[in-house]
S.K.: 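Before I ask anything, let me first share the structure, which is written out below as structure tokens.
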There are 2 protein chains.
Amino acid sequence: MDGKPGLRERKKQRTHAAISDAAITLFLEHGFNQVSVAQVAEAAEVSKRTLFAYFPTKEDLVVHRLADHETELARVVRARPPGTAPLTAVREHFLEGLRERDPITGLNDHPQVRRLHRMILDAPSLMARMERFKTGAERALAQALRETADTPELTARLAAVQIVAVHWALAQDNAERLAYGEPADKRHAGAVADAAHAFALLENGLRHLPPRQ
Amino acid sequence: MDGKPGLRERKKQRTHAAISDAAITLFLEHGFNQVSVAQVAEAAEVSKRTLFAYFPTKEDLVVHRLADHETELARVVRARPPGTAPLTAVREHFLEGLRERDPITGLNDHPQVRRLHRMILDAPSLMARMERFKTGAERALAQALRETADTPELTARLAAVQIVAVHWALAQDNAERLAYGEPADKRHAGAVADAAHAFALLENGLRHLPPRQ
DNA sequence: GAGTAAATGTATACCAGGTGCAGAAATCCT
DNA sequence: AGGATTTCTGCACCTGGTATACATTTACTC
């Protein structure tokens, strides 16, 4: 079908990859804030202007790799088998991610991934970018809920923000622990237990939070 | 006790206020992105360097006014009367905020406030700053829950992110509706109903989300 | 009240991220 | 091969933010 992307298209893809690779390499080696976009452009043998034609901001040089995951929860909810509740689908998907050490769960300890996570955790501008990411995930998930669970607008939005917030909190907790040394295999059991607890809380609500005595 | 703040202190406060006022005035008139910090400094009759001594970033010129609210939910939870569940305290506080048209609920339609909200909603960098704000609110609330509800670390964090996310979603929804014209009095009933629904969802959990049929 | 230490403010120059523009170079199409 | 179109580049420029080195003001002490 796409056997002929055309030279122009192929070259664009190669340039895109070259810039991204140069950026990641330099950032991992010297730190995100220590490397300027001019240096990245030079390393990728491209002008600064061209770099910004491919990546709108410096942060995107890092975050574009996660772009697919922005709609991941929405896709999971849409693809759930008949009879399955949205939350069940999300929970199972997350547990599977933990098993497979999917980086999105924070439970991948390959050195590259660990350094990448540490880099993001340490750079405020990258964390800010991740928040925008969360916002996109909320919107996509809300729409999926509306369309596949016959849920009113407000309920869908509220459920979406809760699910995304919890999902992110779990992943971030894992990533933080692994970023500074804890091995994934050692963390796995705890991560599963935490996820089970978190999704139970999400399902059953906060009404059991202890009152002031 | 503090009858003598000292000349230096008073002058600092006046400078702080002068810069903030100049900034808000210019931003509301011409838009956040259309006004440079240099212009703000000039209007406040202060050097650029001094401006940055008072406000670390351009965004802080706007957002510093909300700084107190960052720990508001935490304070509400701490101050709840004995026998009250944390969520109840937060809900009652929010409903009271709606009644009083507290800008933090998004339900204040004074022209100044409305334009301010619209400005924030429209400027991505300001929204990003608000997200950081949310993160701070989450941390503070989690700590309050841990300390006053004898809640384990993880539960406190998860409850906090859910509560803050829902609280923010409600406020933002109100602000968006008012920003472009809907009067607060007209929106009030709907806002109350939405809040009731949202807190019920938070209390009872998402387990009733419809499965795929 | 004069003099001095500490705190604040200023001017200037600078850096980095990001954009606008005019023209060169590569690609595509016939 | 050659013109139309897209992409890349170099350059100048703007803005947010910081470093340095110096001037000014306030507070404190005698």
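What you are looking at is a predicted structure, and each value in this text was computed from that prediction instead of being measured. In what follows, every chain begins at residue 1, and chains take the letters A, B, ... in the order their sequences are listed.
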S.K.: How long is the line joining NZ of A:Lys58 and P of C:dG18, in whole Å?
M.R.: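 Answer to the nearest Å: 8 Å.
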
S.K.: Under a 4.0 Å heavy-atom cut-off, which of residues 23-48 of chain A touch DNA chain D?
M.R.: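 The answer is A:Val46, A:Ser47.
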
S.K.: Would you mind reading off the distance between A:Glu59 atom CD and C:dG17 atom P, rounded to a whole angstrom?
M.R.: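 A:Glu59 atom CD is separated from C:dG17 atom P by 9 Å.
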
S.K.: Check each residue of residues 14-22 of chain A for a non-hydrogen atom within less than 4.0 Å of any atom in DNA chain C, then write out the ones that pass by number, or none.
M.R.: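 Heavy-atom contacts with DNA chain C come from no residue of residues 14-22 of chain A; none.
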
S.K.: If I take atom CZ in residue A:Arg10 and atom C1' in nucleotide D:dT7, what distance separates them, rounded to the nearest angstrom?
M.R.: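 Rounded to whole Å, this separation is 16 Å.
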
S.K.: So, does B:Arg80 use its side chain to make a donor-acceptor pair with the main chain of B:Thr148 at under 3.5 Å?
M.R.: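 Answer holds: yes.
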
S.K.: Can you find an N or O donor on one side and an acceptor on the other, under 3.5 Å apart, linking the side chain of A:Arg49 with the base of C:dG20?
M.R.: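 A donor-acceptor contact between them is present.
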
S.K.: Measure CD/B:Gln13 against P/C:dT8 and give the value in whole Å, please.
M.R.: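 In whole Å, C:dT8 P and B:Gln13 CD are 13 Å from each other.
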
S.K.: Does B:Glu203 have any salt bridge (charged side-chain N to carboxylate O under 4.0 Å, His left out) partners at least two apart in sequence or in another chain, and if so, which?
M.R.: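 With sequence neighbours excluded, B:Glu203 shows a salt bridge (charged side-chain N to carboxylate O under 4.0 Å, His left out) to B:Arg91, given in chain and number order.
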
S.K.: Determine which pairs satisfy side chain to side chain donor-acceptor pair (under 3.5 Å) with at least one residue from residues 102-112 of chain A, sequence neighbours left out, and list them in order.
M.R.: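 For residues 102-112 of chain A: A:Gln112-A:Arg115.
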
S.K.: Does C:dG9 have OP1 or OP2 sitting under 4.0 Å from an N or O in the side chain of B:Tyr54?
M.R.: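 Checking C:dG9 against B:Tyr54, a side-chain N or O does come within under 4.0 Å of OP1 or OP2.
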
S.K.: When the distance from NZ of B:Lys12 to C1' of C:dA6 is rounded to whole Å, what number comes out?
M.R.: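 Taking atom C1' of C:dA6 as the reference, NZ of B:Lys12 is at 12 Å.
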
S.K.: Give the B/S/- string for nucleotides 25-30 of chain C, one per nucleotide from 5' to 3', where a protein heavy atom under 4.0 Å of the base yields B, of only the sugar-phosphate yields S, and otherwise -.
M.R.: -BBS--

S.K.: Give, ordered by number, those residues of residues 123-136 of chain B having at least one heavy-atom distance below 4.0 Å to an atom of DNA chain C; if nothing qualifies, reply none.
M.R.: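 Per residue number, the list is empty: none.
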
